[in-house]
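For ligands, and for the atoms within them, numbers begin at 1 and follow the listed sequence. Since the model is a prediction, treat every value here as computed from it, not as a measurement.
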Amino acid sequence: MANNATKREAVCTDSDEFSHDVKRTKSDQDKEREDEEGSYSENILAGFKTSKVLSDSAREKLMFIHGKIDDQDAVVVLEKTPFREEALAELFSSSSLRLEMKNDIYSSYRLQAPPHLNEIKTTVMHPATEKHVKRYQKQESFLVEETEEDYQSISLPYVEKHSLSLQWVYNILEKKAETERVVYEDPDPEVGFVLLPDLKWDQKQLDNLYLIAITRQRHIKSLRDLTPEHLPLLQNILQKGKDAILQRYKLPAAKLRVYLHYQPSYYHLHVHFTTLGYEAAGCSVERAHLLADVIQNLQSAPRYYRTRTLYFPLRADDGLLEQFRQAGRM
Ligand code: M7G
């Protein structure tokens with residue numbers, strides 16, 4: 001967790017193209033807030049027809065829903081956002097309380113907060129592919145052991161055919177989307193990258209800070225492609241990414257977890273930056289590789305990621321898992 005000194009409101013400066021605010025009316029106060037926090041957009045969810053709840057978590061206050069918008073498949077992610085210390089005074093003074101029960105010194109209430117203090121982070125994928133829908137369905141996972149040969153004969157051919165579109169990545173690199181959200185960019189074609197808030201972060205508090213650094217080089221698919229020739233790129237991302245986060249959010253490197261996923265969902269090299277105390281999905285040992293370790297491994301063994309057996313979890317319905325099964329590797 002970020003400590004109180006470092007906990008600052010990280011104001012969202014633009015609307016996320018995937019987050020569609022579902023409120024329709026605005027008061028003057030709302031308009032002022034809109035200037036500060038991003039613009040209202042058309043409510044594309046007004047006609048959303050729910051087909052199925054793909055998964056949910058009462059603990060994480062999170063729900064993934066499959067449905068249709070204009071007869072096209074869509075996936076909507078609803079997530080209640082964390083409390084913000086800065087907003088507490090207003091929350092207490094401006095809310096109404098409904099008593100549920102009172103007994104001795106104990107009482108419980110339903111607190112009805114002003115709408116702007118009770119927002120739901122909403123991510124919309126539309127039109128969604130079958131892969132998007134599958135991705136959010138609750139599934140059992142299996143740990144896969146991928147040797148160098150498995151990568152060449154099973155994973156690589158599969159990934160080359162079946163990966164999710166990288167259009168959103170190219171939109172960021174070509175300044176066609178999320179331009180105002182960029183925190184730092186290095187334009188160098190070899191070692192350059194764009195650092196910006198991850199789709200999953202609402203930028204309201206630092207406790208769950210989540211940024212991604214997307215490389216300008218377009219042909220590095222994943223960890224498996226990395227060789228010492230990429231060391232300047234990786235070192236640049238690590239150093240400048242940390243510096244930019246210190247400058248913008250006042251979070252020192254010692255409070256950050258900087259890592260790559262293997263397997264990733266999107267096969268264009270990118271690095272995840274989260275706060276150390278935030279247990280983001282995918283930060284566990286079977287999927288996350290610390291960037292600092294990756295750099296050292298490449299320094300000591302140039303073909304480390306080409307030759308090592310790598311382990312990662314795959315969900316039961318993942319096509320890649322089926323390929324491992326068919327090859328007798330599961
Ligand atoms: P990953 O390791 O390929 O897979 O990370 P994961 O999604 O299973 O973690 C891709 C990262 O990019 C994730 O953290 C996503 O939340 C993030 N991401 C995905 N999309 C489609 C976008 C987007 O359009 N904008 C931004 N800013 N981040 C995205």
Legend entry - From Arg308, Arg306, Arg303, residue fulfilling salt bridge (Lys or Arg N to Asp or Glu O under 4.0 Å) relative to Glu148: Arg303
Salt bridge or not for [X] and [Y], using N-O below 4.0 Å?
X      : Y      : answer
Glu174 : Arg218 : yes
Asp317 : Lys134 : no
Arg135 : Glu130 : no

Give the atoms of ligand 1, by number and element, whose distance to some non-hydrogen atom of [X] is under 4.0 Å.
X      : answer
Arg181 : 27 (N)
His261 : 1 (P), 2 (O), 4 (O), 9 (O)
Pro264 : 2 (O), 3 (O)
Glu178 : 23 (C), 24 (O), 25 (N), 26 (C), 27 (N)
Ile212 : 12 (O), 28 (N)

Legend entry - Any N/O pair Ile172/ligand 1 closer than 3.5 Å: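 The answer is no, given that Ile172 and ligand 1 share no N or O pair closer than 3.5 Å.
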Does only the side chain of [X] get under 4.0 Å from ligand 1, or the backbone, or both, or neither? Count heavy atoms.
X      : answer
His268 : neither
Arg135 : side chain
Pro197 : backbone

Legend entry - side-chain hydrogen bond (donor to acceptor under 3.5 Å, both in side chains) against Thr129, all qualifying residues, sequence neighbours excluded: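 Counting only residues at least two positions away or on another chain, Thr129 forms a side-chain hydrogen bond (donor to acceptor under 3.5 Å, both in side chains) with His132.
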Inset, instruction - Would you check if Glu60 and Lys80 make a side-chain contact, meaning some heavy-atom pair closer than 4.5 Å? - result: no
Inset, instruction - Check whether any heavy atom of Gln167 sits under 4.0 Å from an atom of ligand 1. - result: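 The answer is no, since Gln167 has no heavy atom less than 4.0 Å from ligand 1.
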Inset, instruction - Determine, considering heavy atoms only, which of Leu199, Val194, Val182, Asp198 sits nearest to atom 17 (C) of ligand 1. - result: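 It is Asp198 that holds the nearest heavy atom.
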Inset, instruction - Nearest heavy atom to atom 23 (C) of ligand 1 wins, so pick from Trp168, Tyr262, Tyr210. - result: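 Among Trp168, Tyr262, Tyr210, the closest heavy atom to atom 23 (C) of ligand 1 belongs to Trp168.
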Legend entry - Flag for Thr309-Tyr311: side-chain donor and acceptor within less than 3.5 Å: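 No pair is found: no donor N or O on one side chain lies under 3.5 Å from an acceptor on the other.
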For a quick test of your reading: what N or O donor-acceptor pairs under 3.5 Å do the side chains of residues 321-330 make, sequence neighbours left out?
from, atom 1, to, atom 2, distance (Å)
Glu322, OE2, Gln326, NE2, 3.2
Arg329, NE, Asp150, OD1, 2.9
Arg329, NE, Asp150, OD2, 2.9
Arg329, NH2, Glu145, O, 3.3
Arg329, NH2, Asp150, OD2, 2.8

